[in-house]
Amino acid sequence: MRIATWNVNSLRSRIDRVEAFVQRHEIDVLALQETKAREDQLPLMGLQALGYDIAVAGTNQWNGVALISRVGLDDVEVGFPQQPPFGDPAAAESRAIAATCGGVRIWSLYIPNGRKPDDPHYVYKLDWLARLRESADSWLDGQTAMVGDWNICPTDDDVFDVKQFAKSTHVTPPERAAFQGFLDDGWAEVTRAHAPGYTYWDYYRQRFERDRGLKIDFVLASPTLASRVTGAFIDKDERDPAQGTGSPSDHAPVVVDLS
DNA sequence: ATGGTTGACGATCAA
């Protein structure tokens with residue numbers, strides 16, 4: 001089975017790319033983030049015609065997650081819709097959706113960005129991660145994957161220039177500790193060993209062309225699922241403005257193969 | 001410190 005995760009930065013504007021991507025790589029399950037639309041706005045007929053079932057969560061233009069599967073899509077669950085403490089409904093919505101696909105429980109996650117370390121959204125990010133970790137502990141026994149945009153660079157190697165991020169989110173010790181907490185609990189990050197390199201490049205300053213990016217998209221697997229991983233790769237072509245139709249997402253998809 | 005780019009119920013905000 002082949003699964004993938006992709007922060008698509010608007011599913012409406014990227015639907016042609018998504019359809020081409022799942023066909024090109026014969027993807028069985030695709031987790032999407034930043035879909036940026038309600039389900040009734042999404043042109044999903046093409047994916048359905050290709051044999052995919054679709055589950056969508058999200059109602060605003062910033063967040064939104066989805067799961068697309070051609071190997072079953074059962075027991076769909078929308079997770080962690082709690083309001084942030086400062087009461088910003090836009091930040092609260094639709095950051096997690098789960099389904100069982102081909103016997104694997106898959107969570108598509110869009111961890112809160114945090115904006116700035118002194119912003120209330122940063123507190124919300126850490127709180128959200130703590131809540132996810134609490135729930136995730138009970139999922140370790142199964143064949144479970146938590147995939148998506150974690151908005152954390154776990155190591156200095158995951159940032160093109162650490163000095164430039166001195167006053168930024170994604171690299172602060174509390175964020176890294178939050179990520180490490182999942183690993184301490186027994187989750188395995190299964191993409192890094194097979195697929196080094198960045199997964200995100202900002203749109204401006206020709207960051208992609210100069211390979212000045214971040215590694216923030218990860219697949220965390222429960223022990224039994226991790227033992228099934230045979231490979232992984234980052235589809236950098238999908239981030240290349242010179243390839244495909246229209247502008248690319250600022251993230252590249254990450255693909256993982258399971259035995 | 002600022003700017004640069006992209007997307008969306010666009011006249012700014014979020015990333």
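In what follows, chains are A, B, ... by sequence order, proteins preceding strands, each numbered from 1.
In terms of position along DNA chain B, the nucleotide closest to A/Y203 lies nearer the 5' end than the nucleotide closest to the other residue of the pair A/Y200 and A/Y203. Nucleotides of DNA chain B nearest to A/P248 and A/K167 differ in position, and the one nearer the 5' end is that of A/K167.
One can place CG of A/D250 at 11 Å from C1' of B/dA14, the figure rounded to the nearest angstrom. The OH-P distance, from A/Y110 to B/dA14, rounds to 12 Å in whole Å. What separates CG of A/D202 from P of B/dT2 is a distance of 17 Å, to the nearest Å. Nucleotide B/dC9 holds its P atom 13 Å from the CG atom of A/N63, rounded to whole Å. The separation between A/N7 atom CG and B/dA15 atom C1' is 9 Å, rounded to whole Å. Atom C1' of nucleotide B/dA14 and atom CZ of A/R95 are separated by 11 Å, given to the nearest angstrom. Atom pair A/K125:NZ and B/dA14:P shows a separation of 16 Å (rounding to whole Å applied). Atom CZ of A/R12 and atom P of B/dT6 are 18 Å apart (whole Å).
Annotation: B/dG10 and B/dA14 have their P atoms spaced 14 Å apart (nearest Å). Distance check on atom P: B/dA15 versus B/dC9 gives 15 Å, rounded to whole Å. B/dT2 and B/dG7 are spaced 26 Å apart, taking the P atom of each and rounding to whole Å.
Among the atoms of the strands shown, none is found under 4.0 Å from any heavy atom of A/Q164. Contacts of A/R14 with the nucleic acid, taken as non-hydrogen atoms under 4.0 Å apart, involve only primed sugar atoms and P, OP1 or OP2. Within 4.0 Å of A/R207, counting heavy atoms only, lies no atom of the nucleic acid at all. Counting non-hydrogen atoms under 4.0 angstrom, A/E34 reaches the backbone sugars and phosphates but no base. Within the nucleic acid shown, A/F208 has no heavy atom closer than 4.0 Å to any nucleic acid atom.
The six-membered or imidazole ring of A/F218 lies near that of A/F179, with a centre-to-centre distance under 6.0 Å.
Set against B/dC9, B/dA8, B/dC13, the side chain of A/S13 has B/dA8 as its closest nucleotide. Picking from B/dC13, B/dG4, B/dA8 the nucleotide with the shortest atom distance to the side chain of A/Q61 gives B/dA8. Picking from B/dC9, B/dG7, B/dG4 the nucleotide with the shortest atom distance to the side chain of A/R38 gives B/dC9.
Within a 6.0 Å sphere centred on CD of A/Q206, heavy atoms belonging to other residues, nucleotides or ligands number 12 at most.
Remark: A/R70 does not engage A/D53 in a salt bridge, criterion side-chain N to carboxylate O under 4.0 Å.
Dashed line: the shortest gap from a side-chain N or O of A/Q33 to OP1 or OP2 of B/dA15 is not under 4.0 Å. Applying the 4.0 Å criterion to OP1 and OP2 of B/dT6, one finds that A/S249 has every side-chain N and O outside that range.
Side-chain contact check for A/D235 and A/H25: at least one donor-acceptor pair (N or O, by modelled atom type) lies under 3.5 Å. No hydrogens or angles considered: nothing links the side chains of A/R105 and A/S222 as a donor-acceptor pair under 3.5 Å.
The two residues A/A96 and A/L109 come nearest to each other via the heavy atoms CB-CD2, 3.7 Å.
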